[in-house]
Amino acid sequence: MFGMLDYRAHKLYWLLRVPLVLAVIALSFFLLFAAFAYARTFSYPTIVQFGIAVALFELGAIALQIVIAILSWVLRKIFFFLVDVVPAEGRNKEEAEDVLVHGDAIRYFAKLKYQPRRFDDNDEGMLIRATKKSQGWIVRTLRFLSGGESSTLFTSTPRQRIEVIVDQVRMRQHDRASVATFMDNELLPYLRQQGISPSVFEQFLASQLGRWLVYRYTVLIMLFAVGALSQT
């Protein structure tokens, strides 16, 4: 066993997860194609075939998610057995584990919370960048296509939200208890009050579930569209 700072351990953990992530993607597409191919063997209308494919895929996806959960749990247990994750920048053990899994977005939020006086403009830029990255390419692409920073599709941008949060923390930086209270309990209500909290639409597209639903059903719809065109 050896010790490693949480934000450095995240990089190693991410590298170890790459084969599992690639296997999940490959198996998901295999399930999609298998469900599509089997549904097409029925002589029902296309909409019914689509429903059959969705049902078959979701059943397969449930089994796949159970296997993934088990493999992820095993990987994490092995990782923690071999690597002693050391909390850095004032984080506690639970937050260090969050940094291990989620990376820079959690890291810089925690630094803002625990070390507001040492949180500089470079850290703010890194937090904005990490927050944008954590939203996934679907949100970033839609935001870009709808006007970028001035997009009307979303209520606000990560930059606007982070700048407001950082300003509030810097106003309270001489009182660490006030900073902790704001970050833990008052942050989201304050963003809603300012009218810049993430919309339900944005939260859904930025979530892992939302992204996977978009991927799955976009591919499945394309397969049925191609199948319908090939019959004409």
Side-chain angles (χ1 to χ4, degrees), residues 1-14 17 72-73 75-77 79-81 83-136 139-140 143 149 151 154-211:
M1 179 181 289
F2 59 94
M4 185 179 292
L5 294 176
D6 50 15
Y7 60 90
R8 292 177 179 170
H10 165 72
K11 298 176 183 178
L12 177 60
Y13 185 71
W14 183 85
R17 280 182 55 86
S72 297
W73 180 84
L75 175 63
R76 189 163 179 169
K77 287 295 182 181
F79 187 89
F80 278 111
F81 177 76
V83 180
D84 184 15
V85 179
V86 180
E89 301 170 335
R91 289 182 285 275
N92 58 36
K93 185 177 179 180
E94 291 182 356
E95 289 166 335
E97 291 182 5
D98 285 340
V99 171
L100 172 72
V101 176
H102 301 291
D104 283 345
I106 299 296
R107 174 190 176 187
Y108 286 103
F109 259 112
K111 184 174 182 180
L112 178 62
K113 176 181 176 180
Y114 292 112
Q115 299 178 320
R117 296 185 184 183
R118 297 183 60 185
F119 192 88
D120 55 25
D121 291 341
N122 181 63
D123 292 326
E124 183 176 347
M126 292 296 291
L127 178 55
I128 292 171
R129 179 182 177 184
T131 304
K132 288 180 178 179
K133 184 178 179 181
S134 68
Q135 290 191 313
V139 172
R140 297 199 302 271
R143 192 184 298 279
E149 294 289 318
S151 170
F154 302 97
T155 55
S156 60
T157 66
R159 178 179 297 278
Q160 290 173 319
R161 295 194 286 266
I162 298 303
E163 287 177 349
V164 167
I165 293 168
V166 171
D167 287 345
Q168 282 296 308
V169 169
R170 285 175 175 164
M171 289 171 58
R172 306 162 186 247
Q173 63 181 346
H174 298 292
D175 184 351
R176 295 187 63 181
S178 177
V179 171
T181 299
F182 174 74
M183 295 290 284
D184 291 338
N185 305 317
E186 301 174 1
L187 192 152
L188 289 177
Y190 182 77
L191 291 180
R192 284 194 290 268
Q193 181 184 356
Q194 299 298 311
I196 57 173
S197 62
S199 64
V200 174
F201 173 68
E202 181 178 349
Q203 292 179 59
F204 171 75
L205 291 180
S207 68
Q208 186 176 19
L209 174 62
R211 292 198 296 266

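None of these values were measured; they are calculated from a predicted model.
Counting heavy atoms from C-beta outward, Asp6 and Val86 have side chains that stay 4.5 Å or more apart. Inter-residue side-chain proximity for Val85 and Phe79 is flagged as met; some heavy-atom pair is nearer than 4.5 Å. Side-chain contact check for Ile165 versus Met183: some heavy-atom pair is nearer than 4.5 Å. Using a 4.5 Å cut-off on side-chain heavy atoms (C-beta onward), Phe119 and Val169 make no contact. Proximity of Leu100 to Tyr7: side-chain heavy atoms (C-beta onward) are nowhere separated by under 4.5 Å.
Every residue meeting the side chain to side chain donor-acceptor pair (under 3.5 Å) condition with Asp184, not counting sequence neighbours, appears here in chain and number order: Lys113. In this view, Arg211 satisfies the side chain to side chain donor-acceptor pair (under 3.5 Å) rule with no residue, not counting sequence neighbours.
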**Item:** Stepwise side-chain contact (heavy atoms from CB on, under 4.5 Å) test for Tyr108 and Ile162
**Value:** CA-CA 11 Å; Tyr108 286 103; Ile162 298 303; over 6 Å; no
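The existence of a salt bridge linking Glu97 and Arg76 is confirmed by a sub-4.0 Å separation between a basic side-chain nitrogen and an acidic carboxylate oxygen. Taking 4.0 Å as the cut-off between side-chain N and carboxylate O, Asp123 and Lys111 count as a salt-bridged pair.
In Arg170, the CZ atom is crowded: over 12 heavy atoms of neighbouring residues, nucleotides or ligands sit closer than 6.0 Å. Within 6.0 Å of CZ on Arg172 lie more than 12 heavy atoms contributed by other residues, nucleotides or ligands.
Annotation: the span from Leu75 atom CG to Phe80 atom CZ amounts to 10.0 Å, rounded to 0.5 Å. Summarising the geometry, atom CG belonging to Leu127 is positioned 11.0 Å from atom CZ belonging to Arg159; distances are rounded to the nearest 0.5 Å. From Ile106, atom CD1 reaches atom NE2 of His10 across 10.5 Å, with rounding to the nearest 0.5 Å. Summarising the geometry, atom CE belonging to Met126 is positioned 6.5 Å from atom CG belonging to Asn122; distances are rounded to the nearest 0.5 Å. Taken to the nearest 0.5 Å, the NZ atom of Lys11 stands 10.5 Å off from the CE atom of Met4.
In this model, a donor atom of one side chain and an acceptor atom of the other lie less than 3.5 Å apart for Gln135 and Glu202. There is a side-chain donor-acceptor pair under 3.5 Å between Tyr114 and Glu95. A side-chain donor-acceptor contact under 3.5 Å links Arg117 and His174.
The shortest heavy-atom contact between Pro116 and Val179 is CG-CG2, 4.4 Å. Between Ala105 and Ala130, the shortest heavy-atom contact is N-CB, 3.6 Å. What you find for Ser72 and Arg17 is that their closest heavy atoms are OG-NH1, 3.7 Å.
With Gln194 contributing its side chain and Leu191 its backbone, the two residues share no donor-acceptor pair below 3.5 Å. Within the 3.5 Å criterion, the main-chain N or O of Asp175 finds no donor-acceptor partner in the side chain of Ser178. Side chain of Gln168 to backbone of Phe182: no donor-acceptor contact under 3.5 angstrom is found.
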